[in-house]
Structure formats: structure tokens, C-alpha cells
Amino acid sequence: MGKITFKRLKGSQNMRQRLLLATLKSTPILIEDIHTDETLPGLRPHEISLLRLFEKLTDDCLIEINETGTRLKYKPGIIVGGSNLVHDCGVSRAIGYFLEPLILLGLFARKALFIILNGITNDSEDPSVDTFRSTTFPMLKRFGVPSVGLKLEIKSRGVSPHGGGEVHLTVPTVQHLTATIWTDEGMVKRIRGEAFTTRVSVQLGNEMIYAARGIFNRLLPDVYIASDYRKRSEAGNSSGYGISLVAETTSGCCISADTTVSYPRGEEADDIEGEDKKEQIPAADVGEQIASVLLEEIEKGGVVDSTHQGLLFLLCSLCPKDVSKVRVGKLSPYGIETLREIRDFLDVQFVIKPDPSTGTVILKCWGYGMKNLSRKTS
């Protein structure tokens, strides 16, 4: 066996994209200076959890972390997938943080993926599990991912700080993705959504729905927001409430926005003092705010919202050796960083052309030609 050559990287930024692209391309990487300029240097709990998740999905994977956690050596294995997998995502980041790389790995695995994920289902930092169901899955179908076998079930909800949620994810395998020309945003024809409450009054959910509808009904009549009231074991370990909205357009695009409000119970709330103690936002204000956020996303234009730009670019870059062309609104920082990592790992460069008439950006690329070598061609 020859000597392994590692691609050397520095810093903790884009850890998720780096590990994903390294695994898909089977590139061993060495990352140094991880969070060295922070009070607590080294890998964060959610980054270690992500590594353990990759370890479960692959065979012959090598992970070496030094004592301080500031240096990581990662040699990817073969993506196996499989069923009856269980992973605890912890409570430092939501399940949404893990879902994006997990879905892409599942598509190129040897066997169809079924995994149970435990942790936080909804928070304000990462996309909620509702958003993945309503927006991410329809986007995947644009790239040739079959809807049969692509499923996300919410068995119980969990919000911060103690989580307690559980979701069941099923991802089919594909031989390869399909290149797409996707530049028509269309006009918004309907708004759908879901408001949830865990261990709090269902009235809070109703207030969010009423406030959000008050804004949307001035603009279009077809608005429906469902309510999901969870209690006992299905409500996780913390109290909270939130709402996920999606605007569906005439051309089949889905633009989403979501938010969650959570807070400790009883004595836990008394332990939080000073700046860490946040004023509780009224449910009606939460509904109005998230409705405004969704309208802002629609105004920016593009076929996806800003949180989905990174995944869109990854899908375009992994397509067969053909041209993919997409339209997005203003490039988000996450989208820009993803473009850089795609260039460094896959050597795929996007042609970026602003469209001044609409304020959007059109991106074109020649796909890398990623194939699932484990799956037989039909």
C-alpha cells in the first residue's frame, strides 16, 4: 500500500462542506488550526458528531484528532449507507445541520439509507426538519432524485436547550444526478406552512398562524398553515414553539422561511442571568416576523431561498458532464463559501452573471460527473 497524500487545509470554516466533498471524491484531508483563535480551541461537539455520523455511513474510514482537537486527519471510506442506523446529533446544533450532507451521501451510497436521528428538530440557526420536507425534497426531484423512497418522518419534536426530538430519514440511491436548466422563478400561487408547539399552550400556535395569515391574505387568497400540537413524549425535553412557511410558485419553485422560539423551564430559567436571559417574543410577533422574512426572500428572486443556495450549487456541481444553469437572488455568504469549496475539491468553476433587470444572479457550470459506482446501471 502506497503512502497516502493528504490535502492540507487550515481553519474551521466550512467544515461540513469540506468533509462532504472529501468523502464524495475520496480525498484524504488534513485540517489544522481548528478554532485556535478562540477561548476554547479545537473541534466543537457538533463537528465531532458529524465525523461520527460519516464514520457510520462509510466503510474503512480513518479519523485522527490530536489531543487539543485543533488538528484533524480524515481519510474517507466507501459510502455504504444501509438501514437500522441510529445517530444522536447532540444539542449544540439542530438535526438540520446534519441532514444536508447526510442526504447527499445517501444518494451515492451502496445501499438505500434509513437512519434515525435524535436531537433538536427545530431552532432558529439551522433549517428545520419541516423545511427539508416542504422545500429541500422538491428541489432534489429537479435533479432526478426519485420521490419514491425519499421520506422524512417527525416522530417527536425537540427544541433547545435539551432537544429530545426524533426523525426517521429514508434516502434512495441514484446512478447519477440529472443536469438542469432552472431559471424560471414563476409567480407565487400559494403559501403553505406548519406551526408547532411543544409543552406550551396550543393557543401560541394559533396566534402565530393568525398573525402570518393577516399579512399573506392581503396579497393572495390561497394560504393554509397547519398546526402541530405535541405533548408528553412527542414534545421532547424543552418548551417552545415555531413556524415553518413555504411559498410555492407557478413554475414549481419552493421558497421557505422558518423560526423557533424556545426557553428553559422552571429552575433552569432562573440560572440564566444578565445578557443571556432573553425576553420572550410574543407568538403573534413571531408570526408577523417570519411572514416578513418569507416576503423578503421572495423579493430577492431566484429559484431557491438563500439558505438553500449552498445545496443547489453542490447538486449542480455533482451533475453529469453537462451544463447546469440556475438563477438565485443575492448570493449568500454560505453560498459563496460553498462555491469556493466546490472549486477547490471538484475543480468545477461557475460562470456568474448578474441580471440587473431583476436583481438576480445566473450561474452556469459544467458538472463534475459524479457517479454511484456501487449501483448497477439499469
Side-chain angles (χ1 to χ4, degrees), residues 15-29 45-65 72-90 93-121 126-127 129 132-133 136-137 139-141 143-156 158 163 165-178 311 314-315 318-319 345 368 370-378:
M15 179 75 74
R16 189 169 52 156
Q17 295 103 308
R18 286 174 171 179
L19 291 173
L20 171 65
L21 288 166
T23 307
L24 288 171
K25 204 189 171 187
S26 299
T27 304
I29 57 173
H46 59 271
E47 291 166 343
I48 294 170
S49 181
L50 185 66
L51 282 166
R52 296 299 171 224
L53 177 60
F54 278 40
E55 201 173 32
K56 288 176 184 175
L57 291 177
T58 57
D59 187 23
D60 196 28
C61 163
L62 173 72
I63 298 170
E64 288 181 14
I65 305 168
L72 166 68
K73 195 180 274 190
Y74 175 66
K75 184 184 86 63
I78 299 163
I79 308 167
V80 178
S83 56
N84 302 320
L85 297 172
V86 181
H87 183 70
D88 186 355
C89 298
R93 289 293 286 266
I95 291 172
Y97 173 84
F98 301 84
L99 280 176
E100 187 177 299
L102 189 56
I103 289 168
L104 285 173
L105 287 181
L107 293 174
F108 294 100
R110 186 184 296 166
K111 295 180 281 190
L113 175 67
F114 174 76
I115 187 167
I116 297 171
L117 299 168
N118 298 305
I120 296 171
T121 57
D126 297 296
V129 290
F132 273 88
R133 283 202 304 193
T136 311
F137 285 2
M139 187 172 94
L140 291 170
K141 291 168 193 172
F143 291 87
V145 178
S147 53
V148 178
L150 186 64
K151 194 163 67 169
L152 183 66
E153 292 180 279
I154 305 169
K155 295 297 182 182
S156 63
E166 181 182 308
V167 299
H168 292 189
L169 174 69
T170 310
V171 182
T173 60
V174 294
Q175 178 68 34
H176 54 75
L177 298 174
T178 307
L311 180 58
L314 282 166
L315 289 166
L318 294 169
C319 281
F345 277 89
Y368 170 73
M370 182 76 187
K371 288 184 179 179
N372 190 343
L373 300 175
S374 305
R375 191 168 185 254
K376 293 178 181 177
T377 310
S378 56

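The first residue in the sequence is number 1, and the count goes up from there.
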Report the residues that fulfil salt bridge (Lys or Arg N to Asp or Glu O under 4.0 Å) with Arg93, sequence neighbours left out, ordered by chain and then residue number. Glu125, Asp126
Below 4.5 Å, heavy atoms only, C-beta onward: do Phe345 and Arg18 meet side chain to side chain? yes
Interatomic distance, Gln17 atom CD to Leu311 atom CG [nearest 0.5 angstrom]: 10.5 Å
Please assess Leu72 against Leu51 for the test side chain to side chain contact (heavy atoms under 4.5 Å, CB included), listing each intermediate value before the final yes or no. CA-CA 10 Å; Leu72 166 68; Leu51 282 166; 3.9 Å; yes
Is there a donor-acceptor contact under 3.5 Å from the side chain of Asn372 to the main chain of Ala109? yes
Which residues share a side-chain contact (heavy atoms from CB on, under 4.5 Å) with Lys56, sequence neighbours left out: His87
Applying salt bridge (Lys or Arg N to Asp or Glu O under 4.0 Å) to Lys141 and not counting sequence neighbours gives none
State the OG1-OH distance between Thr27 and Tyr74, to the nearest 0.5 angstrom. 10.5 Å
Across all chains, not counting sequence neighbours, the side-chain contact (heavy atoms from CB on, under 4.5 Å) partners of Ile116 are Val86, Phe114, Asn118, Glu166, His168
Looking at Phe108 and Met370, what are the two nearest heavy atoms and their distance? CE2-CG, 3.5 Å
Under 4.5 Å between any side-chain heavy atoms of Phe137 and Val145, yes or no? no
Distance-only donor-acceptor pairs under 3.5 Å for side chains of residues 94-107, two or more places apart:
| from | atom 1 | to | atom 2 | distance (Å) |
| --- | --- | --- | --- | --- |
| Glu100 | OE1 | Tyr334 | OH | 3.4 |
| Glu100 | OE2 | Tyr334 | OH | 2.4 |

Using a 4.5 Å cut-off on heavy atoms from C-beta on, say whether the side chain of Pro146 contacts that of Val174. yes
Can you tell me how far CZ of Phe143 sits from NE2 of His176, rounded to the nearest 0.5 angstrom? 14.5 Å
Nearest heavy atoms of Pro172 and Gly149, plus distance in Å: CD-O, 3.2 Å
How far apart are the C-alpha atoms of Ile63 and Arg52, what are their side-chain angles, what is the distance that settles it, and do they pass the side chain to side chain contact (heavy atoms under 4.5 Å, CB included) test? CA-CA 9 Å; Ile63 298 170; Arg52 296 299 171 224; 4.0 Å; yes
On a heavy-atom basis, the closest approach of Leu315 and Leu177 is O-CD1, 3.7 Å
Any chance you could measure Leu140, atom CG, to Thr136, atom OG1, to the nearest 0.5 Å? 7.0 Å
State, yes or no, whether a side-chain contact exists between Lys111 and Thr173 at a heavy-atom distance under 4.5 Å. no
When rounded to the nearest 0.5 Å, the distance separating SG of Cys89 from CD1 of Ile120 is 9.5 Å
Contacts of Thr178 meeting side-chain contact (heavy atoms from CB on, under 4.5 Å) (sequence neighbours excluded), chain-then-number -> none
Determine, step by step, whether Leu53 and Ile115 satisfy the side chain to side chain contact (heavy atoms under 4.5 Å, CB included) criterion, reporting the C-alpha distance in whole Å, the side-chain angles of both residues, the deciding distance to 0.1 Å, and the verdict. CA-CA 10 Å; Leu53 177 60; Ile115 187 167; 3.7 Å; yes
Measuring only between side-chain heavy atoms, which start at C-beta, is Leu314 closer than 4.5 Å to Leu21? yes
What do you reckon, is NZ of Lys25 surrounded by more than 12 foreign heavy atoms closer than 6.0 Å? yes
Ignoring hydrogens, what is the shortest heavy-atom contact between Thr23 and Pro76? Give both atom names and the distance. CA-CB, 3.7 Å
Between the main-chain N or O of Phe54 and the side-chain N or O of Thr58, is there a donor-acceptor pair closer than 3.5 Å? yes
